[in-house]
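Quick notes on the structure that follows.
Side-chain atoms are counted along with the backbone in the values below, which use heavy atoms only and exclude waters and symmetry mates. Count residues from 1 along the sequence. Remember, it's 1-based here, ligands and their atoms both numbered in the order they're listed.
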Amino acid sequence: MAILYLHRIVESLYILVVFILQFSSLQFPSLGYTFPDKYFINCGSDSNVSESGRVYVGESNLGTSFVSSHSEKSESAAPSPLYQTARIFRSESWYEFSIDANATYLVRLHFFPFSFPSNLSSARFNVSVPGFWLSQNFDGGDHTNNNSALVKEFFMHIPTSTIKITFRPLPSSLAFVNAIELFIVPLNLIADQVARFTLDNRGVLSTYTGLYSRVLETKHRLNVGGQTTNDTLLRKWIPDDSYLVYPGNAHNHPAYKGQIPYHVHDDSGGPNATRYTAPSDVYGTAKESRNASASAEDIQLFNITWALPVEKNIDHLLRLHFCDYWSPSSGLLFFQLSIYDNQVMPVNNDGNVSKVVPSPYYYDFMVRSDNSGFMRVSVIPNASATIINAFLNGLEIMKVIETSSSVSDGQESNSRHISLPVVLGSVLGGLVLLFVVVLLGFLCRLRMRKEKPVENSDWLPIPVTAGGSSHSRLTDGTSLGSPLPNINLGLKIPLIDLQLATKNFHASQIIGKGGFGNVYKGVLRNGEIAAVKRSQPGSGQGLPEFQTEIMVLSKIRHRHLVSLIGYCDERFEMILVYEYMEKGTLRDHLYNTKLPTLSWKQRLEICIGAARGLCYLHKGAAGGIIHRDVKSTNILLDENLVAKVADFGLSRSGPLDTQPYVSTGVKGTFGYLDPEYFRSQQLTEKSDVYSFGVVLLEVLCARAVIDPSLPREQINLAEWGMLCKNKGILQEIIDPSIKDQIDQNSLRKFSETVEKCLQEDGCDRPSMGDVLWDLEYALQLQRGANAIPREPYEDSSSSLSVSLQLPNVRRLPSLSTLSEADDSIVRGDESDNAADSVFSQLKIDDAR
Ligand SMILES: *[C@@H]1O[C@H](CO)[C@@H](O)[C@H](O)[C@H]1NC(C)=O
Ligand SMILES: *[C@@H]1O[C@H](CO)[C@@H](O)[C@H](O)[C@H]1NC(C)=O
Ligand SMILES: *[C@@H]1O[C@H](CO)[C@@H](O)[C@H](O)[C@H]1NC(C)=O
Ligand SMILES: *[C@@H]1O[C@H](CO)[C@@H](O)[C@H](O)[C@H]1NC(C)=O
Ligand SMILES: *[C@@H]1O[C@H](CO)[C@@H](O)[C@H](O)[C@H]1NC(C)=O
Ligand SMILES: *[C@@H]1O[C@H](CO)[C@@H](O)[C@H](O)[C@H]1NC(C)=O
Ligand SMILES: *[C@@H]1O[C@H](CO)[C@@H](O)[C@H](O)[C@H]1NC(C)=O
């Protein structure tokens, strides 16, 4: 898993290098090293161990060795190979992990105090992360002879890009650890803000903020009414029976047979659960009241109460999971929730947001434990409900660890930070060889991955709703109804995958910004590089538009259109994932750039590609699509400088010829805007033609379409270009770097095309198909000029060369990634027809 991505490899090599440097200079009294951001480590061992479906990597396989601590292997028959080895520390030591900043992480430490060869029962130590004690005065002797490991689990929001876990043996003792797990958890699994219950307030809730600046330690995790189980985050859930105060009051409801319909949207910020919140084993089992139909007087006596041991007078996060999977509809079953015998709130089975049964939801409470050493939680049936009952599906209690000033925050490590160039300088040699070998290995892997069809990717398709609800989960919380069944669920990517792909949406991954939010570069699980466009809430794009965009985009596949790889609509997110375009935007290659200038021929080919893409949008998909924001930054280039049109965010599809789309507001970019559209707000495909004309001028002149620093008549490129064309001085404003290579006939054809595109009146402008033809022609003229001795200003000779090369003109655009299975994809490529008309028109032209 860890070797999926190149950056990971580079990172681990860097770590290796850093470590070796530390080793060679013997500068450091303590152990310190760094790993990538998802770790399962078999401490103190050289070999990997597989346990519960996870591979715990041996420390030596991480390319590390140790200075001040040693490892010991137990001869004892520990229950798992994972626990037969431990890393033993005899002085303060730490593991340092590099991670993605500003994310919530789960840390698990496994302790199995074996007694031979070292007697770990005598271990006494503290464990800390910067600012927090995770464990104080840990006593190995407390945990001996149970023949099971003690696993401590913590959740922490980490603002920095490294995390150090430090082990401090008490004087003349030792510290140890058998295994470490550290990985990022889904966004919003734990919120910064929760409801606060205090005994002083006797059940009145207030607000508690600041979980992100604290650490949570798991104390209890109960699958109420169910069996021991575990989940995707490898959390262990155990039965609740031994914590029941009145076992006679409750019994287990039969388990749910269907699929738990997890929520995908949680726009309300409400209590809806996602599939990461708790597994279906938890939501699909419950404990309910026995003798539910009792009379009103003694209903209290049928409460279900749990008492769980906790530390006294400390804040705990209490999370209660509910899912009524047996009531025929919502609103029939409600009951009272109590904490420490104080009524807190009524619980209704409709789960607040979608009035559907079943629907999984949860409530979080910050509760300060009392003096009893127990946390008491009760559910009490309500006699006025139609169905008199009370139930609970799951319960979690996590202790809140406050920051402590007695923990050194690990600042001393900063002075030891070694920058990469220095390191490379000092340990080149063998490492270079190693790097090359690993890199080659990686590239081979990558190639193998690339050859796999997309269907084999690691993306998990979301399970289709079952359980008798006709309600579409995707529409939960929205008023939108019909278009959703068309959404291609196979394109859905889990949010956690996108977090991992983009280093948790880290600023260093941003490759574009706009009003909608940011675009991040990311490496997906299948090794594919992608552009991840994440809409910010409040960016103006609503959910219906987002869904429309997915529907439109998922149907479009064309060599000259940037294709949609997937999307994510979990929780608040609206994320679109596109293919990544290596060479960036067309504008990046034209001006204000350090990139090499494009030749005239390359520019023509790019324009032709973009024209093909637009042509396909206009004529290809049924009904036609108007781009509405054609500009040089929306034309992207792949590694071979093949142009692809991007950003259909403003696209609208509709029957073009019959009734032009009347938009509600002018959209587009100043400088490219069709003046006719601006006046009439009548949107036609000719508006795209106008904007494309401006792009052509931009390509020819290599300057901004609006440049306020220029004299007044030159500010607007479209106007200035037309003025020059009319005066016959267009030659003077051409990009000087291509002036010498450009063939006069090619230029003439090109500038005529621009002029036609920029006509005031939409109906005087050519169609995209005609523009495409003209550009093809201009390219042929240029090629002819390059191929045979130039006879300037002689159209006849160029025509001759053109007719000789006719077969080349009919270059069929290839449909690159059409999937046969999807019949919603338009079968033919309309630019075929365009090419046909190019063909016939060319012959007519030649015959003239
Ligand atoms: C936990 O998950 C692992 C792997 O999925 C499985 O082998 C193990 O039996 C599970 N344990 C329980 C108690 O369900
Ligand atoms: C983390 O979040 C804080 C506050 O939201 C921000 O100031 C900081 O720059 C972020 N750090 C990184 C590395 O993104
Ligand atoms: C290990 O140490 C504990 C106390 O530190 C002691 O009770 C126990 O007998 C020792 N076990 C062995 C095998 O030495
Ligand atoms: C091990 O057993 C002792 C005493 O029986 C108990 O106090 C301790 O909590 C147990 N530890 C674990 C991890 O079960
Ligand atoms: C371990 O924690 C205890 C309790 O806070 C503290 O008194 C002790 O000094 C710590 N020991 C070390 C080595 O940090
Ligand atoms: C509850 O129901 C059981 C049978 O389901 C019965 O034996 C018991 O007496 C009832 N208890 C009360 C308090 O009604
Ligand atoms: C809960 O039920 C038990 C036994 O049925 C009863 O003794 C207790 O008073 C009840 N608690 C409340 C708060 O009603």
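When each of Leu318, Leu320, Leu317 is checked for a side-chain contact (heavy atoms from CB on, under 4.5 Å) with Asp364, only Leu317 meets the rule. For the side-chain contact (heavy atoms from CB on, under 4.5 Å) test with Tyr208, the passing option among Asp192, Val400, Thr198, Val367 is Val400; the others fail.
Atoms of ligand 5 lying under 4.0 Å from any heavy atom of Trp133, numbered from 1 in the order shown and given with element: 14 (O). The atoms of ligand 5 that sit less than 4.0 Å from any heavy atom of Gln136 are 2 (O), 4 (C), 5 (O). Each of the atoms 1 (C), 2 (O), 3 (C), 8 (C), 10 (C), 11 (N), 12 (C), 14 (O) of ligand 5 lies under 4.0 Å from some heavy atom of Asn126. Close contacts between ligand 5 and Arg168 involve ligand atoms 13 (C), 14 (O) [criterion: under 4.0 Å to a heavy atom].
In this structure, Glu311 pairs ionically with Lys399, as a charged nitrogen and a carboxylate oxygen lie closer than 4.0 Å. Of the charged side-chain nitrogens involved, none lies within less than 4.0 Å of a carboxylate oxygen, so that Lys236 and Glu153 do not count as a salt-bridged pair. Between Lys287 and Asp241 there is a salt bridge, with a side-chain nitrogen of the basic residue lying less than 4.0 Å from a carboxylate oxygen of the acidic one.
In this view, Asn342 and Phe197, Leu199, Arg202, Tyr340 satisfy the side chain to side chain contact (heavy atoms under 4.5 Å, CB included) rule, not counting sequence neighbours. Take Pro171 and apply the side chain to side chain contact (heavy atoms under 4.5 Å, CB included) test, not counting sequence neighbours, and it matches no residue. Under the ring-ring contact (aromatic ring centres under 6.0 Å, His included) criterion, Tyr212 pairs with His157, sequence neighbours left out.
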Dump the pairs for me: ligand 7 N or O, protein N or O, distance under 3.5 Å, to 0.1 Å.
residue	atom	partner	partner atom	Å
ligand 7	2 (O)	Asn249	ND2	3.4
ligand 7	2 (O)	Leu301	O	3.4
ligand 7	2 (O)	Asn303	OD1	3.3
ligand 7	2 (O)	Asn303	ND2	2.4
ligand 7	5 (O)	Asn249	ND2	3.0
ligand 7	5 (O)	Leu301	O	2.5
ligand 7	11 (N)	Asn303	ND2	2.7
ligand 7	14 (O)	Gln300	O	3.3
ligand 7	14 (O)	Gln300	OE1	3.1
ligand 7	14 (O)	Asn303	ND2	3.4

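Residue contact annotation: Phe125 has no non-hydrogen atom under 4.0 Å from ligand 5.
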